[in-house]
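Inspection log for the structure reproduced underneath, given as structure tokens.
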Amino acid sequence: MKFWSQYFIPTLKESPADAEIASHKLLIRAGLVRKLGGGLYTYLPLGLRVMQKLTQICREEMERAGAIELQMPLLHPAENWVHGPRWAAAREIMFRADSAGEGKRSPREPEYVLGPTHEEIITPLVKAEITSYRDLPKNFFQIATKFRNEIRPRFGLMRAREFVMMDAYSFDATDEGSVKSYHAMKAAYEAFFRRIGATAIAVEADTGVMGGSFSHEFMVPAEIGDDDVIYNEESGYAANREKATSGLVPKDLPDAAPAGGLEEFATPGVLTIAALEAAPHSVPADRQFKTLVYVGDGKPFLVILRGCDELEETKLGSLGFTVFRPATPEEIEPVMGARPGSLGAVRGTAKNFPALAGVFADQAIRLVGNGVTGANKDGFHLRNVNVSRDLAVTKFGDFRRVRPGEPDPRSGAPLKVRRGIEVGHIFKLGTKYSEIFGAAYTDDQKQNHPMVMGCYGIGISRTLQAIIEQGHDADGIVWPWAVAPFQVLICLLDPQLPEAMELARTLGAAAEAAGAEVIIDDRAERPGVKFKDADLIGVPLRLTIGGRGLKDGIVELKWRAAKDIAKVPVAEAEAQLAAAVREGQAKA
RNA sequence: CGGGGUGUAGCUUAGCCUGGUAGAGCGCCUGGUUUGGGACCAGGAGGUCGCAGGUUCGAAUCCUGUCGCCCCGACCA
């Protein structure tokens, strides 16, 4: 039992100017966190209590799923990363940590980095400690602080530079075993989000810089989310926009027959899809081939899309380059022989085709069949370009961005889009890390094999804010029972009355006996202030004791989420409060 | 890193265009009156106007630079 006057809950009437969204304002107004700097937050007592609830529930669900808790350093020797598979990409978001001593010049390369995640640490550990199939599978997890030098921290805890994450790493002998571990984690995640009272849906996702073979993100639907989820309720399809695909191109689509010979025509000053659509050329965007030049691991490559489609850059990750970026005009001209606006992938038209690492075509260009593309000669385009006859395609793939309304790949029904907050992510990694770090085991035939890995993360601190974003009203936070900093708030309107204080203690003890955590607002404040603060901090169950009610022999019981207030005779208060606590627990 | 915005008391801000004593509300302290949905009265403390230069008799205000923060974009739990 805590007494508000002795505790520390600095609430604010007004939102700080730098908070923009509801959950961020409430985090600060309700006295959960305070900002130290961009993306850095102190957890005040109330915020810490919620974090502890979340970590405990997370721990329980991970252990229930068979994962084993450990704790790794937050400060990593840089060499672990330098020798890993993603140093080039990962270093961009890592903080370096070297001696701060005056006069000690930091070396060109960092000695230590602050850990953004722990594959590079756990895999060498497992390599050293586990060598037999008898010791597999294993799944290790920790709940710890992560550091990422986000280019743009945002919305309080939503995207912070320092945040709390549960991260888990599974090691299996076989691919089937790894799939099983993956599904065990997916089930554990679902149980976790259910228990904390959050709505989070699993969606198919891109594997990004993690690499690996497949993955799901857990998304909390919210307008302020950073991600677009493409979905269709009936078929159950749900995917991050970066990963989403559609049934736009029929699987049995035959290759289009050539419509005529290649013809070059002059298009002076026409440099965009839109310009070619306009008169006098009047080529619809869906009859054009768009040719983009990228640089992957130092070599240029081409991507061909329909003129009406947008590239989903993330999908280029499937091509296997460690890092890639759009090419600059200076890089394009020597290879293609033309500047952007007149580029194409027709055989024999580029100046230096062999310099290309490949020509990757989105499969939707097959819908174009015969179309128009740049001639690799400034001011000229080609018509009657036939996909199979003329384009020098290395490989077809899915590179376009899906649009709402396109057919669901499963059912053909129109796809929809909504925003979401990514609170968790699970990856089936395969053997990418185990091969590089040499994490192998010996099977019962004395054969060595790389372990098959999976990795799994839940943004605990981000989840905290997502819960607020999902559960608030005009007056403040509405905490789910399981994660509320306290479950019962006793609003003691007249703390100076000894009998009121005595009753508050008695009822508080009764609520605790029933399994709730109790805070008594015993401050010398006016009732209005206490009610406003009670709504703001969002404790699920409020019991009000006032001198006025006591004269009539009643106290009041109110759920934060509901409007109605129950008047309860003092004689029954203990029993009814205990019953309400049990009700809250049952719902959680 | 590109684009936009913003820095004045613990918080929210006015003043800046048009240079001349830095003002309010909340919060805080003292006293009093109040007491069921952010009370009222009286008194009080609290500011190097982000920082550094410059222009000027004089700069919160104009100029230059710099730093922090916020928002939009690319990335992520």
Side-chain angles (χ1 to χ4, degrees), chain A residues 10-21 24-25 28-29 31 34-40 58 89-90 92-94 116-117 143-168 189 200 205-206 208-210 215 217-220 224-227 240 242 313-314 317 323 325-326 420-427 455-466 475-476 491-497 524-536 542 544-552 554-556 558 565 567:
Chain A
T11 59
L12 298 173
K13 282 188 188 176
E14 289 174 295
S15 302
D18 59 11
E20 188 100 342
I21 63 168
H24 186 193
K25 289 177 181 170
I28 294 164
R29 286 191 55 213
R34 286 294 182 265
K35 184 167 76 175
L36 173 64
L40 301 171
C58 187
E92 299 306 318
I93 59 148
M94 285 198 277
T117 169
I143 300 173
T145 302
K146 296 283 179 279
F147 301 88
R148 293 187 191 174
N149 192 5
E150 292 292 343
I151 296 161
R152 185 155 90 86
R154 233 153 72 98
F155 297 153
L157 302 180
M158 207 58 89
R159 195 192 308 169
R161 288 198 165 106
E162 181 182 322
F163 60 97
V164 175
M165 179 163 118
M166 186 292 297
D167 48 321
Y189 275 37
D206 188 82
V209 70
M210 297 300 299
S215 92
E217 284 172 349
F218 283 77
M219 304 289 251
V220 170
I224 54 94
D226 271 346
D227 295 270
N240 189 307
E242 295 173 347
E313 204 172 75
T314 310
V323 286
R325 56 168 175 82
I421 301 165
E422 183 189 352
V423 288
H425 205 157
I426 56 179
F427 298 86
C455 70
Y456 317 93
I458 291 177
I460 300 288
S461 44
R462 178 182 283 180
T463 299
L464 186 159
Q465 190 171 345
D475 295 315
C491 213
L492 190 54
L493 299 184
D494 300 286
Q496 75 288 356
L497 296 178
E525 291 286 352
R526 293 165 56 86
V529 173
K530 295 191 178 190
F531 290 136
K532 286 289 185 190
D533 274 346
D535 288 344
L536 182 60
R542 184 182 88 193
T544 305
I545 300 173
R548 184 189 289 182
L550 285 187
K551 276 190 192 128
D552 302 332
I554 58 137
V555 296
E556 293 163 6
K558 180 185 179 297
I565 297 172
K567 292 190 190 309

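To find a chain, count down the sequence lines: A is the first, B the second, and so on, and within it residues start at 1. Small disclaimer: the values here were computed from a predicted structure and weren't measured. Keep in mind that the numbers below use all heavy atoms, side chains included, and drop hydrogens, waters and symmetry copies.
Of all nucleotides listed (B:G38, B:C75, B:G73), B:G73 comes nearest to the side chain of A:R154. Across B:C71, B:U12, B:C75, the shortest atom-to-atom separation from the side chain of A:D226 is found for B:C75. For A:P16, the side-chain atoms get nearest to B:U12 when compared with the rest of B:G38, B:U12, B:C76. Closest contact between the side chain of A:T314 and the listed nucleotides B:C70, B:C11, B:C75 involves B:C75. Out of B:A39, B:C75, B:C69, the shortest distance to the side chain of A:R526 is found at B:A39. In the set B:A77, B:G36, B:G38, the nucleotide with an atom closest to the side chain of A:T11 is B:G38. When each of B:C76, B:G36, B:G38 is scored by its nearest atom to the side-chain atoms of A:T544, the top-ranked nucleotide is B:G36. Each of B:C75, B:U34, B:G36 was ranked by its minimum atom distance to the side chain of A:R548; first place goes to B:G36. Distance from the side chain of A:R161 is smallest for B:C69 among the nucleotides B:G36, B:C69, B:A77. The side chain of A:D533 has B:G38 as its nearest neighbour among B:G38, B:C1, B:C75.
Between the side chain of A:R542 and the base of B:G37 there is at least one donor-acceptor pair of N/O atoms closer than 3.5 Å.
Within 4.0 Å (heavy atoms only), A:R29 reaches at least one base atom of the nucleic acid. Within 4.0 Å (heavy atoms only), A:G457 reaches no atom of the nucleic acid at all. The residue A:K35 sits close only to the backbone: its heavy atoms come under 4.0 Å of sugar-phosphate atoms, none of a base. Using a 4.0 Å heavy-atom criterion, one finds that A:A160 contacts the bases of the nucleic acid, with or without backbone contacts as well. Across all strands, A:V423 comes closer than 4.0 Å only to sugar-phosphate atoms, never to a base (heavy-atom distances). Nucleic acid contact for A:T463: none, since no nucleic acid atom lies under 4.0 Å from a heavy atom of the residue. Using a 4.0 Å heavy-atom distance criterion, A:F155 is classed as a sugar-phosphate-only contact. When heavy atoms are screened at a 4.0 angstrom cut-off, A:D167 is found touching no nucleic acid atom at all.
Annotation: B:G68 and B:C62 have their P atoms spaced 23 Å apart (nearest Å). For the C1' atoms, the distance linking B:U66 with B:U30 amounts to 44 Å, nearest Å. Nucleotides B:U61 and B:G19, compared at atom C1', are 6 Å apart to the nearest Å. A distance of about 48 Å separates the P atoms of B:C17 and B:A77, rounded to the whole Å. Between B:C11 and B:G27, the two C1' atoms lie 7 Å apart (nearest whole Å). Across B:A14 and B:U56, the matching C1' atoms stand 26 Å from one another, rounded to whole Å.
In this structure, A:I93 CD1 and A:N149 CG are separated by 8.5 Å, a value rounded to the nearest 0.5 Å. One distance of note links OG1 of A:T145 with CE of A:M165; it measures 11.0 Å at 0.5 Å rounding. Between the OG1 atom in A:T11 and the CD1 atom in A:I28 there is a gap of 13.0 Å [rounded to 0.5 Å].
The nearest heavy atom of RNA chain B to A:I458 and to A:G546 marks one nucleotide each, and the one closer to the 5' end goes with A:G546. Map A:R462 and A:G37 each onto its nearest nucleotide of RNA chain B; the residue landing nearer the 5' end is A:G37.
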**OP:** Output, in order, the C-alpha distance, side-chain angles, deciding distance and verdict of side chain to side chain contact (heavy atoms under 4.5 Å, CB included) for A:K146 and A:D167.
**Re:** CA-CA 10 Å; A:K146 296 283 179 279; A:D167 48 321; 3.1 Å; yes
Original post:
Are A:K530 and A:L493 close enough, and set up right, to give a side chain to side chain contact (heavy atoms under 4.5 Å, CB included), and what steps lead you there?
Top reply: CA-CA 8 Å; A:K530 295 191 178 190; A:L493 299 184; 4.3 Å; yes
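Within the 4.5 Å cutoff, the side chain of A:T544 has no heavy atoms near those of the A:V555 side chain. Looking at A:R542 and A:D535, their side chains come closer than 4.5 Å, going by heavy atoms from C-beta outward. A 4.5 Å side-chain heavy-atom check between A:V423 and A:M219 finds every atom pair outside the cut-off. For the pair A:M166/A:C58, a side-chain contact is recorded, criterion being any heavy-atom separation below 4.5 Å from C-beta on. Inter-residue side-chain proximity for A:R154 and A:E20 is flagged as unmet; no heavy-atom pair is nearer than 4.5 Å.
Using the six-membered ring where Trp is involved, A:Y456 and A:Y189 have ring planes that are perpendicular, over 60° apart on the 30 and 60° scheme.
Atom CD in A:E20 sits roughly 7 Å away from atom P in B:C72 (whole-Å rounding). Atom CZ in A:R152 sits roughly 13 Å away from atom P in B:C69 (whole-Å rounding). Between the P atom of B:G37 and the CD1 atom of A:I565 lies a distance of 10 Å, rounded to the nearest Å. Atom-to-atom, CD1 of A:I151 to P of B:C75 comes out at 9 Å; the value is rounded to the nearest Å. For A:K25 and B:U12, the NZ to P distance is 12 Å, given to the nearest whole Å. Rounding to whole angstrom units, CZ of residue A:R159 and C1' of B:C72 are separated by 11 Å. The distance from atom NZ of A:K558 to atom P of B:G37 is 14 Å, rounded to the nearest whole Å. Between A:I421 atom CD1 and B:A77 atom P the separation is 15 Å, expressed in whole Å.
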Original post:
How does RNA chain B look in dot-bracket form if you count Watson-Crick and G-U pairs under 3.5 Å, write [ ] for pairs that cross, and put | where a base pairs with another strand?
Top reply: (((((((..((((......[..)))).((((((.....)))))).....(((((..]....))))))))))))....
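For the pair A:F531 and B:G38, the ring geometry does not qualify as stacking, because the centroid separation below 5.5 Å and plane angle under 30° are not jointly satisfied.
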Please write out the pairs of protein N or O atoms and N or O atoms of nucleotides 25-29 of chain B separated by less than 3.5 Å, giving the distance to one decimal.
{"from": "B:G25", "atom 1": "N2", "to": "A:E14", "atom 2": "OE1", "distance (Å)": "3.1"}
{"from": "B:C26", "atom 1": "O3'", "to": "A:K13", "atom 2": "NZ", "distance (Å)": "3.2"}
{"from": "B:G27", "atom 1": "OP1", "to": "A:K13", "atom 2": "NZ", "distance (Å)": "3.3"}

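Partners of A:K567 according to the salt bridge (Lys or Arg N to Asp or Glu O under 4.0 Å) rule, which considers only residues two or more places apart in sequence or in another chain, are A:E556.
Residues A:D18 and A:K35 are paired through a salt bridge, judged by an N-O separation under 4.0 Å between the basic side chain and the carboxylate.
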